[in-house]
Amino acid sequence: MSAARQPSPTVRDESVPAAAAAKKPRTPRARRSAPPRGVRPAPPLAAEERARLLEGRHHDPHAVLGAHTQRGGVAFRVLRPHAKAVTVIAKGLRAELHDDGDGLFSGLLPLTAVPDYRLLVAYAGDEIEVHDPYRFLPTLGELDLHLIGEGRHERLWTALGAQPMEHQGVAGTRFTVWAPNAQGVRVTGDFCYWDSVAHPMRSLGSSGVWELFLPGVGAGTLYKFDITRPDGSHTLRADPMARSAEVPPANASVVTASQYAWQDAEWMARRGARAPHQAPFSVYELHLASWRPGLSYRQLAEQLPEYVKELGFTHVEMMPVAEHPFGGSWGYQVTGFYAPTSRMGTPDDFRFLVDSLHRAGIGVIVDWVPAHFPRDDWALAEFDGRPLYEHHDPRRAAHPDWGTLEFDYGRKEVRNFLVANAVYWCEEFHVDGLRVDAVASMLYLDYSRGEGEWTPNEHGGRENLDAVAFLQEMNATVYRRCPGVVTIAEESTAWDGVTRPTDGGGLGFGLKWNMGWMHDTLRYMSKESVHRKYHHHDMTFGMIYAFSENYVLPISHDEVVHGKRSLVSKMPGGDWWQQRAAHRAYLGFMWAHPGKQLLFMGQEFAQGAEWSETHGPDWWLLDSSYPAAGDHRGVRDLVRDLNRAYAATPALWERDTVPEGFAWVEADAAEDNVFAFLRYARDGSQLLAVSNFSPVVRHGYRIGVPEEVPVWHEVLNTDREGYGGSGVHHAQPLRPEPVPAQGRPASLRMTLPPLATIWLRP
């Protein structure tokens, strides 16, 4: 925010001359000039009330400012710092008010009722005609205030924040903010050259909400709240409910109103037809700002849907898009929970991107971060001078890992802020899923805390019961209000019932990231093939608990940064061919395994370097001028074919969450580095997946199969030459032989390609 900014062109009535911007409000003092002719003196303000008004400590400025009938007529009082004169004008009326000093002007007019009046405000070399903000009734009704007080306002963004509107026949913007500990709140911005004295807000009873309607202020206006803390000091804060913000590092809030006309009605109508855990669900995770660095939301809409559709992914998952001051946090330290980051455009531009993805048949998941927030002194931390959004106990407030603050989930207004925020992204931006970050850090009171650094819950346990209740309320509310939306937990512990419905005592998520499967299988893949036999169980252990939750198998951004290396670089040895082959074989195993799929950008074409938010994926690896481009294109072609075969095979997704959808064929061939399993659809149709994680061709390998299937066809082979493989494959259908294998009466005699996964269907 800069005090030198010129006012927005959409702002008319509230401007003052630029020369006034450099002036500071004067200390309160009384002064009465000679009364203008025809205007009697208004009763003077008591010294304390005058001081409270000028210092921003008044809880009800509308009771002092504006026009009020009283004995002898109508008293007018106006607060206009730096003004030379203020005149009340109405039909048949023009009366200049007394200058009472400190920007206060007043007068008593011999009227029987308050007229429909305006103010003519004269500054040095300028004169403007404006509506008086203090003649308007409150813009919030009793129902809104009741729901806010109860912590049950599910569309909180319609009541709090900055809302352009017409009120009492006048266009302007309603400003509302929750600050229950404040002595007073004033709104300031480029409409008044960031002089906050002139616009004190009124407190709406015990709700903790402050409100002011400013006529003439419209979309595009920059603003903040000047809050008087309990100790009398001031703090200038961005709006927690702002729907738009300045481009960082600037941090003022921006008045905005959506003008977007959605074109995704067909998508929205059918997205809830099938439960996500019983449908194809393969996710391309990306960081919007670095996928194609420098592109706006609308430019991304020209490229991203086409790219993702060509690769066959059903969804994209965007790392957090809510406003954040530090780009290096990748969006995981949020200051503007209701504002899509302005780095790439406006909120309506973001809507256009979501709409474009929907029209391409692609669902949109956004990362959502209700676990913590940064300590920036212009944002949420001690917002009104005391802990408000964070827990009042410093041990509960400070997040031990990230230097941030944890939300106070036990406070109903804070819970409401977050629950409504989840609904907001689904309703206002049509997102199809929320991936909830760092759930484990919310669930446990002792998360990353040592002995003596935490206190048990009321039952003596380590569970954060307030966070549990919040997550249950959030999930229940989202699923009730937003049909077809899925919530996904990044939860890295063995917490019971993450995806169990809330009415059954669970947290109520639709899906959960399977972090254990990811760590185990990557540990296996990182070993040389001769050592993998000692870690064979890492690939099979996940099936012990595979149906305890509804799982997503994630190869996410967290696994390809900070020294963890990219996926292909995790593969052992210095042999580039073997690394790529192992990369392809692992993806084939992953796509056939029970659970949904998630792959981070760059891994679809075997990028060798770690991801960096400063330059994004190494797209040059696919350029035909690069000698090894064919190797990388081959891996990308495999991902495309995996997704297409996956979507066309109900056995791979219809029964992901029940044991009946899976059967081991070979789980014990540790010496051979071989795994084989069957997947089943509801109608009994099958898919056989066989993986050979050794770099040798295995001829005449017996794989047991159901004897009732007469013939099997190879439908996918990660060793195909087109993918960069050696081309070992089964050109002809395979017929079972009456030779027992792996406990089955019939078997296929197969040739297993080196470092490859093959899929076969009847």
Side-chain angles (χ1 to χ4, degrees), residues 282-286 291-292 304 306-314 316 518 521-522 524-526 529 553-557 559-561 564-593 597-611 616-647 689-695 714-729 753-759:
S282 61
V283 182
Y284 183 65
E285 186 193 22
L286 73 155
W291 185 73
R292 295 280 192 181
L304 183 62
E306 181 180 358
Y307 183 79
V308 175
K309 185 175 183 178
E310 169 63 20
L311 286 181
F313 287 98
T314 66
V316 295
M518 178 268 297
T521 57
L522 290 181
Y524 175 89
M525 295 303 299
S526 70
S529 58
L553 310 181
I555 302 298
S556 74
H557 65 277
E559 305 315 312
V560 297
V561 290
K564 295 180 181 179
R565 298 175 294 171
S566 68
L567 181 58
V568 72
S569 297
K570 295 177 191 292
M571 307 305 158
D575 186 321
W576 174 230
W577 188 93
Q578 287 196 29
Q579 284 185 301
R580 283 186 297 113
H583 178 107
R584 296 192 307 268
Y586 180 75
L587 293 180
F589 177 86
M590 172 182 171
W591 252 251
H593 195 282
Q597 325 302 327
L598 180 139
L599 191 66
F600 184 61
M601 65 181 191
Q603 313 317 301
E604 77 274 17
F605 56 85
Q607 173 175 316
E610 287 188 334
W611 168 63
D618 290 335
W619 297 109
W620 56 269
L621 295 170
L622 301 170
D623 192 286
S624 58
S625 63
Y626 176 59
D631 297 341
H632 297 280
R633 289 180 176 177
V635 176
R636 188 175 64 176
D637 289 345
L638 169 66
V639 171
R640 176 199 64 204
D641 292 348
L642 279 170
N643 276 325
R644 291 178 180 178
Y646 166 79
V690 184
S691 296
N692 174 23
F693 288 109
S694 65
E714 186 177 284
V715 294
L716 186 134
N717 185 331
T718 67
D719 191 50
R720 287 273 184 173
E721 290 179 343
Y723 305 145
S726 63
V728 176
H729 68 285
L755 293 172
T757 295
I758 58 176
W759 295 359

Who are the side-chain contact (heavy atoms from CB on, under 4.5 Å) partners of Asp623, not counting sequence neighbours? Ser625

Just by distance, do the side chain of Trp591 and the backbone of Val639 share a donor-acceptor pair under 3.5 Å? no

Member of His583, Gln579, Gln578, Arg580 meeting the side-chain contact (heavy atoms from CB on, under 4.5 Å) criterion with Leu755: Gln578

Using 30° and 60° as the class boundaries, would you call the ring planes of Trp619 and Trp291 parallel, tilted or perpendicular? perpendicular

Name the orientation class of the two ring planes belonging to Tyr284 and Phe313 (parallel below 30°, tilted from 30 to 60°, perpendicular beyond 60°). tilted

Take the angle between the ring planes of Trp576 and His632 and call it parallel below 30°, perpendicular above 60°, tilted in between. tilted

Should Glu714 and Arg720 count as an ion pair when the cut-off is N to O under 4.0 Å? yes

Walk me through it: do His729 and Ile758 pass the test side-chain contact (heavy atoms from CB on, under 4.5 Å)? CA-CA 9 Å; His729 68 285; Ile758 58 176; over 6 Å; no

Checking Asp631 against Trp577 for the side-chain contact (heavy atoms from CB on, under 4.5 Å) test, could you report, in this order, the C-alpha distance in whole Å, the side-chain angles of both residues, the deciding distance, and whether it holds? CA-CA 9 Å; Asp631 297 341; Trp577 188 93; over 6 Å; no

Does Asn692 reach the side chain of Asp719, with side-chain heavy atoms less than 4.5 Å apart? no

Using ring pair (Phe, Tyr, Trp, His ring centres under 6.0 Å) as the criterion, list what pairs up with Tyr723, not counting sequence neighbours. none

Residues in side-chain hydrogen bond (donor to acceptor under 3.5 Å, both in side chains) contact with Ser282, at least two apart in sequence or another chain: Asn643

Can Ser569 and Glu610 be said to form a side-chain contact (heavy atoms from CB on, under 4.5 Å), step by step? CA-CA 9 Å; Ser569 297; Glu610 287 188 334; over 6 Å; no

